Amino acid sequence: MSRVGQNVYMDIQPSNVVSTGRVSYKNGNPVIQFIIGENDLHLLGSSVRFCGNIQFLRDANRTIQTEADGNLMCIDPKLGIYNIIDTLTISSQVHKSTIERIAHYNRFMATYMPLVSSEEESLGHLSMTTLQSPNIMTQRESVVNNTNGSSTLASGGSIGANLLNYAGSSFCVNLPCGLLSGRNPIPLSRANGVGGLMVEIQLSPDQQVLFSDDESPSGLTEAFYELTDLKLICEAEIVSPGTSVGDTLEYNSIHSYFNSINSTNAILNFQLGLSSVQSIFINFVPSSYINNLEQDGLATLPIMNTDDVVAPINQIVFTRGGIKFPLQYNLDTNVKDDTTSIAPDPQLVKNFVNAIKPYYSNDHLQVSYLSNGRGIPAITHLAGESGATFGVGVAYDMISGQGINFQNVNCGVSIDCGLNTDNPNATYLFAKNKSTLVFTPNGVQVLN
C-alpha cells in the first residue's frame, strides 16, 4: 500500500555529541548539530522541536543550588531555554550552502517572545515547554534549582540517592526563524529540493547566560549549564519521487547587526544589503553587562547611563539613504516636553510592537508600564519581575509584503537621548526580510 500523502514523525539525535551524552559550553562542546537527511519528504517546518534536559551547576563538583546558598545564580526569566542559543544556522546537508543564519539569536528572542506571548502563557504552557516565567524568583526555584528533572543520566554529586540522582528540567521548543516558521513545506530531496537540512545550534557562554541575583558573582565563577538527552523531533509528509513544489520557496528571514552608542546624539548606520526589508527593531544593553556574571547580559533595557540611570530617548528619526523614512517626521517622545515623565511613550511603543507583529492584531504581549517605562529599578532584572522589554523599531511594509530595497542604501537611526556619561551601550538591530530560496539539483541559492 502506498504511503504517499501520509505523515512520518522523525526523532533525530545530534550528529556530534560526545559519548557521555553531556553537552556544555564549559567543557568544549559549543555546537549541537542535527541532520535531517535528504529524502522524498516535505518537511513541515512549524513542527520542528528542539528537545532535551538542562541543569545548572555551581561548580565542578556538580553542586545543585539551593535558596540557602548566597549569590544565587539566575537566568533571564523571559527567555528560558532560549538563553543558551547564541547562533542558529540552517544549511543544506548535501550542498553545504547556508540558508539562514541568525546571530545573537538569544537577544532576538529576548524581544520576540515578550511581544508575541502573554504573561499568562509565560506562567502556563511556556513555563513547561520553554522554561520561561514571568517572575525571576519563581523561575529560579523551578528551573535553575530544580533537582527533580527527567534526565536519563545520573548527575551525581550532592543531589542524593533519594532523588535517583536525576536533575534538571526538560524542554521542548520550536526554533522561530524564517525558514521553519513559513507556511510552505520544505522539500528535502536532492533533485527537487534543498538536499536535506543541517540545523546547528551554537551555545552561548556560561557568563552570558548566568548572572548573580545580587550583582555579586562571588562563588559563581565556576557555574555552568549542562544539556543531556538532546534530540530534534519533526513531522514530514511522504511524497512521490520527483514531486516538486516549484523551483523557489519564499520566507521571511531574520538578519542581525551589531553596533554601539556612547553619546547624547547617537547615529547608527547599517549596510543591510537586503532587497525586501519589511521591518527593523533594535534592543539595547550596556556593553559592560555582556559576558558578565554581575549582570543580565541578555536584558533588553532602555539606554542606560552609569549607576543604572536611564538615559531617556527625546527624539528618534528613521532614515533610508539619509532621508526620513518611513516616518516623514521626527518622533518626539513625551519626555522631551516633560523631563519628569517615567511613562512609556505611546508612539515609541506602538512602532516597536508593530515591527514584530502588526499592532492591530497583537492581542497578547508582555510589554507594560513597568517593563517598558523609565522607572527601571537599580537591580535591572527585577523590572516588571521578568525584566525590561524595551526597544525601538519601525515597520516599512505591513501591507504588500514585498518590503523595501536596502541593497545599495544605508538604513539609519538617529537617537537623541540623555546618555551623558561614559557608558557604551550595545545595540542589536534585527531586520525582517522577504527571502527567496532557489533550488536545483546542482545546489541552492538564497536571494535576499
Side-chain angles (χ1 to χ4, degrees), residues 76 78 104 107 110-111 114-115 211 215 257-270 280-292 294-319 324 327 329-353 355 366-394 411-430:
D76 194 298
K78 65 178 179 294
H104 315 301
R107 289 209 61 88
T111 291
L115 268 66
F211 63 94
E215 300 185 345
Y257 306 83
F258 174 82
N259 209 324
S260 64
I261 58 176
N262 193 25
S263 68
T264 55
N265 185 20
I267 299 177
L268 299 169
N269 273 297
F270 298 92
I280 62 166
F281 59 91
I282 305 173
N283 58 41
F284 308 91
V285 68
S287 299
S288 60
Y289 285 22
I290 300 172
N291 289 326
N292 185 351
E294 294 184 17
Q295 301 285 357
D296 180 6
L298 295 172
T300 51
L301 296 165
I303 300 171
M304 304 293 287
N305 280 300
T306 55
D307 300 322
D308 286 336
V309 176
V310 173
I313 294 177
N314 302 311
Q315 183 185 89
I316 188 166
V317 180
F318 298 98
T319 63
K324 294 176 185 177
L327 305 180
Y329 54 88
N330 300 345
L331 199 162
D332 295 327
T333 67
N334 52 6
V335 75
K336 184 175 183 179
D337 295 324
D338 181 6
T339 57
T340 63
S341 173
I342 63 173
D345 181 80
Q347 288 188 93
L348 215 59
V349 173
K350 182 176 181 178
N351 281 287
F352 175 47
V353 172
Q366 298 181 48
V367 176
S368 70
Y369 180 94
L370 292 175
S371 66
N372 195 266
R374 286 179 284 274
I376 302 295
I379 302 179
T380 50
H381 58 262
L382 294 178
E385 295 187 325
S386 65
T389 55
F390 187 85
V392 299
V394 69
C411 169
V413 183
S414 176
I415 303 175
D416 177 4
C417 64
L419 183 55
N420 51 20
T421 60
D422 184 14
N423 191 43
N425 279 244
T427 63
Y428 296 85
L429 181 142
F430 300 92

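Nothing here was measured: the structure is a model prediction, and the numbers come from that model.
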Check whether any side-chain heavy atom of N351 sits under 4.5 Å from a side-chain heavy atom of L327, and report yes or no. yes
Is F281 close to T111 at the side-chain level, that is, under 4.5 Å between some pair of heavy atoms? yes
I'd like to check Q347 versus D332 (side-chain heavy atoms, cut-off strictly below 4.5 Å). Are they in contact? no
T300 vs F390 side-chain heavy atoms within contact, under 4.5 Å: no
Indicate yes or no: at least one non-hydrogen side-chain atom of Y428 is less than 4.5 angstrom from one of V285. yes
Where V413 and I415 come nearest, the two heavy atoms and their spacing: CG1-CG1, 3.9 Å
Shortest non-hydrogen contact from S287 toward N425: OG-C, 3.8 Å
Does any non-hydrogen side-chain atom of L268 lie less than 4.5 Å from one of L429? no
Exercise: do T340 and D338 side chains pair donor with acceptor under 3.5 Å: yes
Main-chain N/O of Q315 paired to T333 side chain as donor or acceptor, under 3.5 Å: no
Angle between ring planes, H104 versus F258, binned at 30° and 60°: parallel, tilted or perpendicular? tilted
Under a 4.5 Å cut-off applied to non-hydrogen side-chain atoms, are I313 and V335 in contact? no
Rounded to the nearest 0.5 Å, the NZ atom of K78 sits from the CG atom of D296 at a distance of 6.0 Å
Taking R107 for the side chain and G297 for the main chain, is one N or O donor matched with an acceptor at less than 3.5 Å? yes
Min side-chain heavy-atom separation T319-S414 under 4.5 Å: no
